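Below, chain A is the first sequence line, B the second, and so on; all start at residue 1. Just so we're clear, the structure is a prediction, and the values are computed from it rather than from any experiment. The figures that follow rest on heavy atoms only: side chains count, while hydrogens, waters and symmetry mates do not.
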Amino acid sequence: MGYPHTPAPRPNQVLPRPFYQRPAHLVAPDLLNKILLAADGLSGRIVEVEAYCGAVDAAAHTFRGKTPRNATMFGPAGHMYVYFTYGMHWCCNAVCADEGDGQGVLLRALEPMTGLYAMRAARPRARRDRELCSGPARLTQAMGITGAQDGIDLVSARGGFTIVSDGVPPPTNPVGHARVGISRAQDRLWRWYVEGSEHVSRR
DNA sequence: CGGGCGATACCCT
DNA sequence: GGGTATCGCCCGA
């Protein structure tokens with residue numbers, strides 16, 4: 001017989017739509033320790049995020065209103081906004097809040113969990129496994145995310161990517177830090193990461 | 001292993 | 001035409 005007081009392993013739970021239907025700066029720290037899961041089996045634990053908060057956030061792509069590029073972020077919560085930047089990199093966000101708000105959470109780093117072999121093949125330049133997903137454009141390369149995934153639904157799972165919980169809670173007292181790579185609204189402390197994680201993009 | 005800098009194309013002014 | 005929610009090369013430790 002097993003050990004009666006050992007909790008039964010719980011199957012991964014897909015995060016429901018209401019999880020995302022909140023302001024991005026509240027969703028962001030709750031995404032820490034959740035898992036980005038691809039249909040082909042690649043997965044990684046979310047260890048670093050940033051919130052971008054629409055019309056009140058001068059650093060957000062959506063600050064100046066809807067354009068062809070940012071249209072997905074003005075759409076329904078729980079979808080994935082993927083954008084192209086610096087002429088060569090893809091980055092992905094989870095759309096948050098209400099439709100029309102233009103809010104989202106940028107996924108900045110993962111701790112690789114499954115599919116490491118495929119991730120190394122997708123990122124042959126990584127010198128160490130900690131470089132596979134430690135950066136917003138690195139994790140999209142490792143997970144196989146491009147503009148083809150812009151607009152997919154993270155809740156229905158039909159788009160090939162979901163965010164799930166395996167029961168590991170987010171940090172109890174997450175500390176906000178300045179966001180990376182922006183020149184405006186640097187005073188908003190909307191970056192969060194898992195303290196002590198070796199997979200965060202910048203310490 | 002970390003700092004400095006060039007690459008690169010797309011969107012927005 | 002300017003600036004970019006970045007990365008990897010190169011070089012020195």
Atom pair distance, as rounded to whole Å: [atom1] in [X] and [atom2] in [N]:
{"X": "Tyr193(A)", "N": "dA5(C)", "atom1": "OH", "atom2": "C1'", "value": "17 Å"}
{"X": "Arg138(A)", "N": "dC7(C)", "atom1": "CZ", "atom2": "P", "value": "5 Å"}
{"X": "His61(A)", "N": "dC11(B)", "atom1": "NE2", "atom2": "P", "value": "12 Å"}
{"X": "Arg184(A)", "N": "dG3(C)", "atom1": "CZ", "atom2": "P", "value": "11 Å"}
{"X": "Gln186(A)", "N": "dT4(C)", "atom1": "CD", "atom2": "P", "value": "10 Å"}
{"X": "Tyr83(A)", "N": "dC12(B)", "atom1": "OH", "atom2": "P", "value": "14 Å"}
{"X": "Met88(A)", "N": "dC9(C)", "atom1": "CE", "atom2": "C1'", "value": "12 Å"}
{"X": "Leu106(A)", "N": "dT6(C)", "atom1": "CG", "atom2": "C1'", "value": "11 Å"}

For a quick test of reading the model: is some side-chain N or O of [X] closer than 4.0 Å to OP1 or OP2 of [N]?
{"X": "Arg64(A)", "N": "dT13(B)", "value": "yes"}
{"X": "Ser183(A)", "N": "dT4(C)", "value": "yes"}
{"X": "Arg123(A)", "N": "dG8(C)", "value": "yes"}

Among Asn12(A), Ile46(A), Val155(A), side-chain contact (heavy atoms from CB on, under 4.5 Å) partner for Ile163(A):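 Among Asn12(A), Ile46(A), Val155(A), the one meeting side-chain contact (heavy atoms from CB on, under 4.5 Å) with Ile163(A) is Ile46(A).
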Face-to-face stacking of Tyr86(A) with dT8(B), centres under 5.5 angstrom, angle under 30°: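 Stacking between Tyr86(A) and dT8(B): absent.
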Pi stacking test for Tyr52(A) and dA5(C): under 5.5 Å apart, planes under 30°: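 Whether judged by distance or by angle, Tyr52(A) passes, so it stacks on the base of dA5(C).
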Leu107(A) and Val49(A), any side-chain heavy atoms less than 4.5 Å apart: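 Contact flag for Val49(A)/Leu107(A) side chains = yes.
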Proximity to the side chain of [X] - top-ranked nucleotide from [options]:
{"X": "Arg125(A)", "options": "dT6(C), dC11(B), dG8(C)", "result": "dG8(C)"}
{"X": "Arg127(A)", "options": "dC11(B), dC1(B), dT8(B)", "result": "dC1(B)"}
{"X": "Asn93(A)", "options": "dA5(C), dT13(B), dA9(B)", "result": "dA5(C)"}
{"X": "His89(A)", "options": "dT13(B), dC11(B), dC7(C)", "result": "dC7(C)"}
{"X": "Thr67(A)", "options": "dG8(C), dC11(B), dA9(B)", "result": "dC11(B)"}
{"X": "Arg108(A)", "options": "dA5(C), dT4(C), dG8(C)", "result": "dA5(C)"}
{"X": "Arg128(A)", "options": "dA5(C), dT6(C), dC1(B)", "result": "dC1(B)"}
{"X": "Ala137(A)", "options": "dC1(B), dT6(C), dC9(C)", "result": "dT6(C)"}
{"X": "Pro68(A)", "options": "dA5(C), dC7(C), dC12(B)", "result": "dC12(B)"}

Closest heavy-atom pair and its distance - Ser134(A), His199(A):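 Looks like CB-O, 3.3 Å.
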Distance, nearest 0.5 Å, that separates NE2 of His177(A) from OH of Tyr193(A):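 Those atoms lie 3.5 Å apart.
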Arg22(A) NZ/CZ over Phe19(A) ring centroid, <6.0 Å and within 45° of normal: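 Cation-pi check for Arg22(A) and Phe19(A): passes.
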Watson-Crick or G-U counterpart of dG4(B), or none if no pair lies under 3.5 Å: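 Matched dG4(B) with dC9(C) under the 3.5 Å cut-off.
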Lys/Arg N to Asp/Glu carboxylate O, Asp153(A) vs Arg158(A), below 4.0 Å: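 Not counted as a salt bridge, because no side-chain N and carboxylate O are separated by less than 4.0 Å.
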